[in-house]
Structures are given as structure tokens and as C-alpha cells.
2 protein chains.
Amino acid sequence: MGMSSSIDVPAKQEFKRHAGFMLAQLGRAVTRRYRSAMAPIGLNPRETAALVQLRDAGAVGQQALGATLDIDASNLVALLNDLEVEGLLSRRRDPEDRRRHVVEITSAGTALVDEVMRTAAQVEDQFFSSLDEDERTTLRDLLCRVAQSTDDPSTTEVTGADC
Amino acid sequence: MGMSSSIDVPAKQEFKRHAGFMLAQLGRAVTRRYRSAMAPIGLNPRETAALVQLRDAGAVGQQALGATLDIDASNLVALLNDLEVEGLLSRRRDPEDRRRHVVEITSAGTALVDEVMRTAAQVEDQFFSSLDEDERTTLRDLLCRVAQSTDDPSTTEVTGADC
DNA sequence: TATTGTTATACTCTATAACTATA
DNA sequence: TATAGTTATAGAGTATAACAATA
């Protein structure tokens with residue numbers, strides 16, 4: 001019934017448009033942009049994330065840091081070695097538990113993070129230029145919810161917590 | 001002015017919660033899940049994406065395929081070689097332009113994609129389990145807009161096009 | 001026994017340059 | 001001269017397993 005000026009196509013929904021696929025693609029794309037933007041600063045994306053996280057979170061053990069950054073503890077070692085040699089962070093044994101190495105950002109590291117944050121803001125502002133402020137907030141909130149549920153499935157039902 | 005039952009904190013906005021950072025993190029997380037889910041099928045994430053895209057888009061040249069999948073043409077060669085050996089796709093020279101290799105999925109490839117799509121749906125359903133249907137649609141639309149603007153900056157102002 | 005950090009290794013992915021054959 | 005595909009290579013990221021020190 002009604003005029004059928006066009007065949008009723010099943011609304012194909014290509015894989016290209018799946019949220020999972022786009023997430024993977026855009027994640028790599030934004031990482032690439034971070035990389036080239038941070039290159040003049042002398043940091044790669046993982047080093048950037050580690051340093052900023054250390055500024056945000058204060059002194060932490062390597063296990064906790066790795067969990068936050070989604071970097072395996074074994075792979076974190078060399079990364080932190082480099083940053084330590086450059087004087088951007090310090091490692092010391094925790095006297096309370098001598099197995100732990102407490103990692104902390106230095107003042108040189110903090111100074112560098114200021115530059116990093118300005119650069120990151122530029123990258124993101126351009127990357128998300130097709131979205132207005134409200135849309136960016138919506139996106140951030142949705143991604144945050146997904147991130148929390150993947151971190152810890154038990155957190156899903158709890159408080160709005162962090163988002 | 002007004003009762004201040006709590007100090008007015010500057011709403012820190014940690015880097016961990018930046019859309020760009022979360023995009024990078026979640027992209028790797030979902031890729032990891034695709035990898036382990038597709039392992040029994042015998043495909044890695046890039047092979048998966050290539051095969052599904054070939055089913056969706058039909059016969060295409062390698063340049064176009066690489067652009068869609070965000071895989072450099074030089075890196076695409078070995079990937080397609082493997083899939084061709086396994087009989088999942090075919091390559092033939094374009095008689096119109098003998099430089100081009102036209103890539104097309106085979107019936108064996110199409111059959112495998114059916115299984116891939118079921119598996120992908122499971123992965124995504126779990127990965128985005130903290131979002132309801134409306135929210136998933138919103139997320140997909142926002143990501144799609146971002147994806148289009150990064151593909152081709154000139155497309156931004158045009159029609160709603162593909163989202 | 002379990003955990004923290006470490007070392008080592010293999011594999012995947014990414015980036016780049018140079019080559020060939022065609023146009 | 002430019003483009004499509006190819007080859008080669010180096011670098012970055014990821015995944016695993018085993019180990020020492022400590023709990």
C-alpha cells in the first residue's frame with residue numbers, strides 16, 4: 001500500500017559502519033595523528049599516555065599503570081626505562097612492599113606534559129571537528145561507559161562513577 | 001553566594017577521559033577481542049575486515065581496498081596473497097587498465113564471511129553491552145561522522161551522505 | 001604459593017623507499 | 001611523468017613464557 005517510488009532495500013548495514021569496526025579504524029587513525037603531532041616533542045603515543053597518566057594519578061606501581069594504559073607490565077619496563085633515563089619520571093622501591101616499584105613523574109616530566117596537553121588538544125580538536133560541543137560530550141560519555149564496562153564488568157551496574 | 005556544601009573543583013577532565021585517548025584504547029581493545037574471536041575461524045582482524053569489505057563492495061582494485069581498510073597498498077599485498085592461496089578471494093588483471101588487479105571474493109570466501117558476521121555480532125554485542133539500542137545507534141552515527149570527515153575533509157559540508 | 005617487576009622472544013602491524021609494468 | 005601493484009626492511013606494538021625477589 002502507498003506509492004512505492006523505490007524498492008524497499010533491507011538497509012544493508014555494511015561492516016564498515018559497525019561501531020566495532022569504526023572504533024578500531026578511528027583508534028588507529030587518531031593514534032597516527034598523536035604520533036606525528038608528538039614527534040617534535042620526542043614522545044611516542046604510549047610514552048605520551050604514560051607521562052600524562054602519571055601526572056593525573058600521582059605515584060603508582062607499574063601493575064596499576066599498565067592496567068590503566070592497557071600496556072602489559074612486561075612491555076612497560078622498557079618504556080619506563082627510556083622515560084627514566086630522560087629524567088621525566090623516577091622509580092623507587094616501595095618500603096612497605098619491596099616488590100613494588102613506585103613510579104612518579106618529575107618536574108621535568110610535568111613541564112613536558114603541559115606542552116603535550118596543548119598538542120593533544122589541537123589533535124583532538126581537528127580530529128573531532130565534524131562534531132559540535134554537545135556531540136563531543138555525548139561521544140565522550142558513551143565511550144567512557146564502554147571503557148568502564150570493559151575495564152571491569154562488575155562496575156556496569158554500580159554508580160555513574162567516572163563518566 | 002549560595003550554599004557551598006562542597007568545594008568547587010575545576011572538573012579536572014583527565015586525559016584518560018579524552019575522546020581521543022579513549023578512542024585509541026577502545027580501538028585496541030575491540031581489535032583484541034576480534035582477534036581472539038576470529039582465531040578459530042583462521043582469520044586475523046585485517047583479513048577479516050578485508051574479506052567482509054570485499055563481500056560488501058564487490059570487485060575492487062587494491063588501492064581502493066587499502067584506502068577503505070586503512071591499510072597501505074604495500075602491506076595489503078601479502079595479506080591478499082594469503083587469502084588468495086586459501087581460495088577465499090581471486091585476483092585478475094583489469095583488461096581496461098592492465099596495471100590494476102581486480103580483487104573479488106569467492107564463494108568460499110562468502111561462505112566464511114557468514115560465519116565471520118555472526119562472530120562479529122557476538123563480539124560487538126558484548127563489547128557495547130553497557131549501551132542500549134538507542135545509545136549504540138547514537139555512537140555509530142557519531143563515529144561515522146568522524147570517520148567521514150577524516151576520510152575526506154572536503155566531504156564534511158556536503159550531504160549527510162553515508163551516516 | 002602468589003605477586004611485582006624483569007628479560008627474552010616471536011609475532012603482528014605500520015611506515016618508507018625503491019622497483020616493475022603499465023598508462 | 002604518473003599510477004597500480006610489488007618487494008624489502010626497519011620500527012613500533014602485542015602476546016607469552018620464564019625467572020628473581022619478595023610477600
Side-chain angles (χ1 to χ4, degrees), chain A residues 21 24-39 42-50 59-85 89-104, chain B residues 21 23-39 42-50 54 59-85 89-104:
Chain A
F21 178 77
Q25 296 279 78
L26 292 173
R28 286 187 294 132
V30 77
T31 297
R32 194 181 303 131
R33 299 193 183 199
Y34 281 137
R35 182 185 308 286
S36 62
M38 299 300 171
L43 297 174
N44 65 31
R46 298 195 304 171
E47 291 168 340
T48 301
V60 290
Q62 296 185 193
Q63 295 288 339
L65 183 59
T68 303
L69 301 177
D70 192 27
I71 299 175
D72 191 274
S74 68
N75 297 320
L76 197 58
V77 176
L79 194 154
L80 294 181
N81 287 346
D82 290 346
L83 295 175
E84 191 177 25
V85 167
L89 58 81
S90 69
R91 275 191 281 198
R92 64 175 190 278
R93 282 199 178 276
D94 180 356
E96 307 276 314
D97 180 347
R98 290 186 40 77
R99 292 173 305 182
R100 299 183 72 228
H101 286 187
V102 177
V103 187
E104 196 165 15
Chain B
F21 178 78
L23 214 49
Q25 295 279 78
L26 292 174
R28 287 187 292 134
V30 76
T31 297
R32 192 181 305 130
R33 297 191 184 203
Y34 280 138
R35 183 185 307 285
S36 61
M38 299 300 172
L43 297 174
N44 65 31
R46 297 195 304 172
E47 292 168 339
T48 301
L54 285 173
V60 291
Q62 296 185 191
Q63 294 287 340
L65 183 59
T68 303
L69 301 177
D70 191 28
I71 299 176
D72 190 275
S74 69
N75 296 320
L76 197 58
V77 177
L79 194 154
L80 295 181
N81 287 346
D82 291 346
L83 294 176
E84 190 177 27
V85 166
L89 58 80
S90 69
R91 277 191 279 197
R92 63 174 190 279
R93 281 199 180 275
D94 180 354
E96 307 276 313
D97 180 346
R98 291 184 41 75
R99 292 173 305 182
R100 299 183 71 227
H101 285 187
V102 176
V103 187
E104 195 165 14

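In what follows, chains are A, B, ... by sequence order, proteins preceding strands, each numbered from 1.
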K.L.:
How many Å lie between CE on M38(B) and C1' on dT12(C), as a whole number?
P.N.:
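In whole Å, dT12(C) C1' and M38(B) CE are 17 Å from each other.
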
K.L.:
Any side-chain N or O of R46(B) under 4.0 Å from OP1/OP2 of dC13(C)?
P.N.:
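Indeed, a polar side-chain atom of R46(B) lies that close.
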
K.L.:
Roughly, in whole Å, what's the span from CZ in R92(A) to C1' in dT4(C)?
P.N.:
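Checked: the CZ to C1' distance equals 16 Å.
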
K.L.:
Whole angstrom is fine here: how far is it from CG in D70(B) over to C1' in dA15(C)?
P.N.:
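D70(B) atom CG is separated from dA15(C) atom C1' by 12 Å.
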
K.L.:
Are OP1 or OP2 of dT3(C) and a side-chain N or O of Q62(A) less than 4.0 angstrom apart?
P.N.:
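Result: no.
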
K.L.:
Tell me which of R35(A) and L80(A) sits closer to the 5' end of DNA chain C, going by the nucleotide each one is nearest to.
P.N.:
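Nearer the 5' end of the strand: L80(A).
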
K.L.:
Looking at dG13(D), I'd like to know if its phosphate oxygens (OP1 or OP2) sit under 4.0 Å from a side-chain N or O belonging to N44(A).
P.N.:
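True: N44(A) side-chain N/O within range (under 4.0 Å) of dG13(D) OP1/OP2.
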
K.L.:
Contact between R35(A) and N44(A) at the side-chain level, heavy atoms closer than 4.5 Å - yes or no?
P.N.:
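Side-chain contact under 4.5 Å: yes.
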
K.L.:
Listed by chain and number, what are the salt bridge (charged side-chain N to carboxylate O under 4.0 Å, His left out) partners of R92(B), not counting sequence neighbours?
P.N.:
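R92(B) satisfies salt bridge (charged side-chain N to carboxylate O under 4.0 Å, His left out) with E104(B) once adjacent residues are dropped.
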
K.L.:
What's the CD1-P distance between I71(A) and dA12(D), to the nearest Å?
P.N.:
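For the pair I71(A) CD1 and dA12(D) P, the rounded distance is 14 Å.
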
K.L.:
Rounded to whole angstrom units, what separation is found between the CZ atom of R32(A) and the C1' atom of dT14(C)?
P.N.:
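In whole Å, dT14(C) C1' and R32(A) CZ are 8 Å from each other.
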
K.L.:
Nearest whole Å is fine: how far is dT6(C) P from D82(A) CG?
P.N.:
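The distance from CG of D82(A) to P of dT6(C) comes to 13 Å, rounded to the nearest Å.
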
K.L.:
State, with a plain yes or no, whether a side-chain heavy atom of H101(A) is found less than 4.5 Å away from one of L80(A).
P.N.:
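They are not in contact (no side-chain heavy atoms under 4.5 Å apart), so the answer is no.
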
K.L.:
What is the distance, rounded to the nearest whole Å, between atom CG of N75(A) and atom P of dT9(C)?
P.N.:
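Checked: the CG to P distance equals 15 Å.
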
K.L.:
Considering heavy-atom distances to DNA chain C, does A73(A) or R28(A) have its closest nucleotide positioned more toward the 5' end?
P.N.:
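The answer here is A73(A).
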
K.L.:
Looking only at heavy atoms, which two atoms of R28(B) and L69(A) are closest? And how far apart?
P.N.:
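Shortest heavy-atom contact: NH2-O, 3.4 Å.
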
K.L.:
Please state how far atom CG in L76(A) lies from atom P in dG13(D), giving the value in whole angstrom units.
P.N.:
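In whole Å, dG13(D) P lies 12 Å from L76(A) CG.
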
K.L.:
Please tell me if the side chains of T68(A) and V60(A) come closer than 4.5 Å, counting only heavy atoms from C-beta onward.
P.N.:
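No, side chains not in contact.
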
K.L.:
Looking at every non-hydrogen atom in both residues, tell me the closest pair between A50(B) and L83(B) and how far apart they are.
P.N.:
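That closest heavy-atom pairing would be CB-CD1, 4.3 Å.
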
K.L.:
Please find the pair of heavy atoms, one from E84(B) and one from S90(B), that lie closest to each other, and give the distance.
P.N.:
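Closest pair (atom of E84(B), atom of S90(B), distance): OE2-C, 4.2 Å.
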
K.L.:
Find every protein N or O atom lying less than 3.5 Å from an N or O atom of nucleotides 17-23 of chain D, and list the pairs.
P.N.:
{"unit_1": "dT22(D)", "atom_1": "OP1", "unit_2": "R98(A)", "atom_2": "NH2", "d": "3.3"}
{"unit_1": "dA23(D)", "atom_1": "OP1", "unit_2": "R98(A)", "atom_2": "N", "d": "3.0"}

